[in-house]
Amino acid sequence: DKGKYRHFMEKEIHEQPEVVARALGYHTSFEGNRADTTSCMDFAGIPSLAISACGTAYLAGLIAKYWFERYARLPVEIDVASEFRYREIPLPPQSAALFISQSGETADTLASLRYCKARGLKTGAVVNSRESSIAREADAVFPIFAGPEIGVASTKAFTCQLVALATLAIGAARARGTATQDEAKALVTSLAEMPGVMGRVLNSIKPDVELLSRELSKCHDVLYIGRGTSFPLAMEGALKLKEISYIHAEGYAAGELKHGPLALVDENMPVIVIAPHDRFFDKTVSNMQEAAARGGRIILITDEKGAAASKLDTMHTIVLPVVDEIIAPMIFALPIQLLAYHTAVLMGKDVDQPRNLAKSVTVE
Ligand code: M6R
């Protein structure tokens with residue numbers, strides 16, 4: 001039932017404050033003065049972590065790689081499952097491996113899980129469906145509580161995957177002694193702010209998103225750029241847009257612009273810059289200026305601090321509240337999802353059932 005919404009995708013985007021809160025309720029705990037994560041694998045002595053997934057779930061894993069490496073000092077080997085399973089990666093058997101899948105049935109992800117199990121790795125499944133093959137076969141299951149996701153484009157599963165992965169990274173940091181209890185508490189406390197911020201953002205960005213979608217719906221190509229965790233998010237933005245609007249879109253690391261894609265930029269090419277005011281902000285802005293100097297139409301998605309710090313005439317800006325670094329990917333995912341959604345609706349596309357795609361990919 002779509003309720004008051006026109007499409008499942010729209011409904012699922014707006015469900016995020018609620019489902020993310022549910023995921024947080026399971027993966028974190030607050031008692032008295034303490035705030036902790038509740039799910040963990042045996043991360044303490046392991047040399048590395050492998051992550052395998054497809055599509056949007058893979059991009060959630062790529063964001064998690066930044067977290068595991070930064071907070072837990074745990075090296076992460078990540079690849080799309082269709083490559084992972086055949087790469088003959090020399091995985092140390094003492095390592096752990098995570099498999100991320102909304103459906104829990106994706107053929108390549110399941111094959112990657114079997115590959116790692118056969119090599120003696122401890123396996124964990126980050127899944128929406130606990131009755132799925134991937135959940136059944138993994139040693140540990142980390143449910144994401146997104147509820148049924150009907151739209152082929154993954155939205156709420158993505159942010160709920162990020163919740164589970166963020167808590168696992170914080171748990172790993174505690175287990176490995178790379179974060180103090182207070183540091184972990186600060187991170188968990190930031191995560192707890194997410195549902196409230198999401199609710200406010202979903203209300204506040206609507207006019208901007210609808211306006212910009214009108215522009216995007218006339219374009220043939222769109223480039224998304226970002227640094228740090230905003231880089232996988234740029235790829236997620238491009239995936240979402242191409243999947244439901246059929247507009248060609250690419251997500252790039254901002255620093256890669258001048259290594260190729262800058263050649264594409266002209267006045268017909270919107271460049272969507274994902275730039276919270278974090279430690280990468282100045283660098284991303286200078287990449288943005290390179291694109292603006294070539295006539296590129298810049299759409300900047302930033303926060304209040306970033307908007308105050310970067311004034312470019314040729315620019316549309318979507319301004320989000322300033323949030324802690326660990327929740328920025330989940331908050332910045334919202335305008336990206338809504339831009340894709342409204343653009344596809346304006347173009348008259350079947351957003352819930354895009355051509356050529358299936359919700360669950362159970363064949364190779
Ligand atoms: O069920 P899974 O999470 O394993 O599915 C993985 C991908 O097929 C999926 O995320 C796909 O990329 C989405 N349609 C993207 O919106």
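This is a predicted model, so every value here is computed, not measured.
- Separating the CZ atom in R227 from the CD atom in E256 is a distance of 10.0 Å, to the nearest 0.5 Å.
- The two residues T106 and S101 come nearest to each other via the heavy atoms OG1-OG, 3.6 Å.
- No donor-acceptor contact under 3.5 angstrom links the side chains of Q16 and T155, judged on distance only.
- In terms of heavy-atom proximity, V127 sits nearest to S132 at CG1-OG, 4.2 Å.
- Note that CG of L334 is 9.0 Å distant from NE2 of H14, once rounded to the nearest 0.5 Å.
- Transitive grouping of hydrophobic side chains (ILVMFWY, heavy atoms separated by less than 4.5 Å) brings V188 and M194 into a common cluster.
- Annotation: H220, atom NE2; neighbour count of heavy atoms from other residues, nucleotides and ligands within 6.0 Å does not exceed 12.
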Item to check | Worked verdict on E215 versus R297 for salt bridge (charged side-chain N to carboxylate O under 4.0 Å, His left out) | outcome: CA-CA 10 Å; E215 276 209 31; R297 279 147 58 197; 2.8 Å; yes
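- A salt bridge links E290 with K258; the closest basic N to acidic carboxylate O contact falls under 4.0 Å.
- With 3.5 Å as the limit, one finds a donor-acceptor pair spanning the side chains of T123 and D139.
- Of the possible donor and acceptor atoms, one in the side chain of E183 sits under 3.5 Å from a partner among the backbone N and O of T180.
- Atom CG in L223 sits 11.0 Å away from atom CD1 in I299 (nearest 0.5 Å).
- In terms of heavy-atom proximity, V152 sits nearest to A358 at CG1-O, 4.1 Å.
- Residues passing the salt bridge (charged side-chain N to carboxylate O under 4.0 Å, His left out) test with D278, sequence neighbours excluded: none.
- In terms of heavy atoms, A307 sits closest to T302 at N-CG2, 3.6 Å.
- Grouped with Y115 in one hydrophobic cluster are F84, I89, L91, L121, the linkage being side-chain heavy-atom contacts under 4.5 Å among Ile, Leu, Val, Met, Phe, Trp and Tyr residues.
- D352 places a side-chain N or O within 3.5 Å of a backbone atom of F8 that can act as its donor or acceptor partner.
- The number of heavy atoms from other shown groups lying within 6.0 Å of NZ (K65) is above 12.
- Side chain of Q94 to main chain of I46: no donor-acceptor pair is present (N/O by atom type, distance under 3.5 Å, no hydrogens or angles).
- Rounding to the nearest 0.5 Å gives a distance of 9.0 Å between CG of L262 and CG of N287.
- Between Y26 and F145, the ring planes lie tilted relative to each other; the angle falls in the 30° to 60° range.
- Between the side chain of T178 and the main chain of R174, no donor-acceptor pair closer than 3.5 Å is present.
- Using a 4.0 Å cut-off between charged nitrogen and carboxylate oxygen, K156 and E12 do not count as a salt-bridge pair.
- Within 6.0 Å of CZ in R87 there are more than 12 heavy atoms belonging to other residues, nucleotides or ligands.
- Side-chain polar atoms of D303 and H277 form no donor-acceptor pair below 3.5 angstrom.
- Under the 4.5 Å side-chain contact rule for hydrophobic residues, M347 and L339 share a cluster.
- Side chain to side chain, T56 and S154 fail the donor-acceptor criterion of an N or O pair below 3.5 Å.
- For the side-chain contact (heavy atoms from CB on, under 4.5 Å) with S39, the qualifying choice from T28, V141, L168 is L168, the only one to do so.
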Item to check | Worked check of salt bridge (charged side-chain N to carboxylate O under 4.0 Å, His left out) between D36 and K185 | outcome: CA-CA 6 Å; D36 249 315; K185 181 180 166 185; over 6 Å; no
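- Judged purely by distance below 3.5 Å, without hydrogens or angles, the side chains of T38 and S29 never pair a donor atom with an acceptor atom.
- Taking the centre of each ring, Y224 and Y252 stay at or above the 6.0 Å mark.
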Item to check | Verdict with supporting geometry, K240 and E236, salt bridge (charged side-chain N to carboxylate O under 4.0 Å, His left out) | outcome: CA-CA 6 Å; K240 220 84 304 170; E236 169 63 4; 2.7 Å; yes
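- Looking only at distances, a side-chain donor or acceptor of N128 sits under 3.5 Å from a matching main-chain atom of G147.
- Note on ring orientation: taking the six-membered ring where Trp is involved, the planes of F68 and F43 are tilted (angle from 30° to 60°).
- Side-chain N or O atoms of H27 include one that pairs as donor or acceptor with a backbone N or O of P143 at under 3.5 Å.
- Atom NZ of K305 has 12 or fewer neighbouring heavy atoms from other residues, nucleotides or ligands inside a 6.0 Å radius.
- Checking side-chain atoms of Y246 against main-chain N and O of R355 turns up a donor-acceptor pair under 3.5 Å.
- Rounding to the nearest 0.5 Å places CD1 of I205 at 6.0 Å from CD1 of I318.
- By the neighbour-count criterion of 12 heavy atoms within 6.0 Å, atom CD of E267 is densely surrounded, having more than that number from other residues, nucleotides or ligands.
- Distance check, rounded to the nearest 0.5 Å: CD1 of I100 to CG of L59 gives 9.5 Å.
- Legend: residues meeting side chain to side chain donor-acceptor pair (under 3.5 Å) with R294, ordered by chain and number and at least two apart, are absent.
- A donor and an acceptor atom, one from each side chain of S48 and E77, are nowhere located under 3.5 Å apart.
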